[in-house]
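To start, the structure under review is shown below, and the notes come after it.
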Amino acid sequence: MELIVASTIGVLTAGGVYLLLRLRTFPVILGLALLSYSVNVFLFASGRLAIDMSPILSKYGDGIYTDPLPQALVLTAIVISFGMTAVLVMIGLAAFLEAETDQIDMDPEVEEDAGKDART
């Protein structure tokens, strides 16, 4: 079980970083969403992976329960990442409507220097 969760965190992080390095706004937003999902899974897994255990200590039980703090942190992180994603979508949409493209422009001097280096 731990191997699956660790692999999932790694794949989500790698995909998020890959999408963050794109030159378009929509993949950057998706990359940030993937990174927030990987952080959420990491926070949730930090509370010990347990099956059929309640997050609340039972009054008459034997004292077996999971730590509720990571669950609360994940719930808070989900709300924050949803709000952040909504704001980024609105900023990206406004930039797209103003420039009629979602391409992120590089510095023109850097592009000219790269073109000169490629020709030589």
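One finds the CD1 atom of Ile29 at 9.5 Å from the CE atom of Met84 (value rounded to the nearest 0.5 Å). Put simply, CG on Leu88 and OG on Ser81 are 11.0 Å apart, with the number rounded to the nearest 0.5 Å. Arg22 contributes atom CZ, which lies 12.5 Å from atom CG of Leu30 (distance to the nearest 0.5 angstrom). Taken from CD1 in Ile9 to CD1 in Ile4, the straight-line distance is 12.0 Å, to the nearest 0.5 Å. Once rounded to the nearest 0.5 Å, the distance linking CG of Leu97 with CG of Asp102 reads 11.0 Å. Expressed to the nearest 0.5 Å, how far OH of Tyr37 lies from CG of Leu12 amounts to 9.5 Å.
Side-chain heavy atoms closer than 4.5 Å link hydrophobic residues (I, L, V, M, F, W, Y) into clusters, and following such links, possibly through other members, connects Leu69 to Val39. In the hydrophobic clustering of ILVMFWY residues, with side-chain heavy atoms under 4.5 Å counting as a link, Val17 and Leu32 come out together. In the hydrophobic clustering of ILVMFWY residues, with side-chain heavy atoms under 4.5 Å counting as a link, Phe44 and Ile78 come out together. A continuous path of ILVMFWY side-chain contacts below 4.5 Å connects Val89 to Leu20, so both sit in one hydrophobic cluster. No single ILVMFWY cluster, assembled from side-chain heavy atoms under 4.5 Å apart, contains both Tyr18 and Val11.
The side chain to side chain contact (heavy atoms under 4.5 Å, CB included) test with Thr76 is passed by exactly one of Ile80, Val74, Leu73: Ile80.
Looking at Val28 and Leu19, their side chains never come closer than 4.5 Å, going by heavy atoms from C-beta outward.
Applying the 6.0 Å contact sphere to CG of Leu21 captures more than 12 heavy atoms from other residues, nucleotides or ligands.
The minimum heavy-atom distance linking Asn40 with Ala77 is given by the pair OD1-CB, 3.1 Å. Between Leu34 and Gly15 the shortest heavy-atom distance is CD1-C, 3.9 Å.
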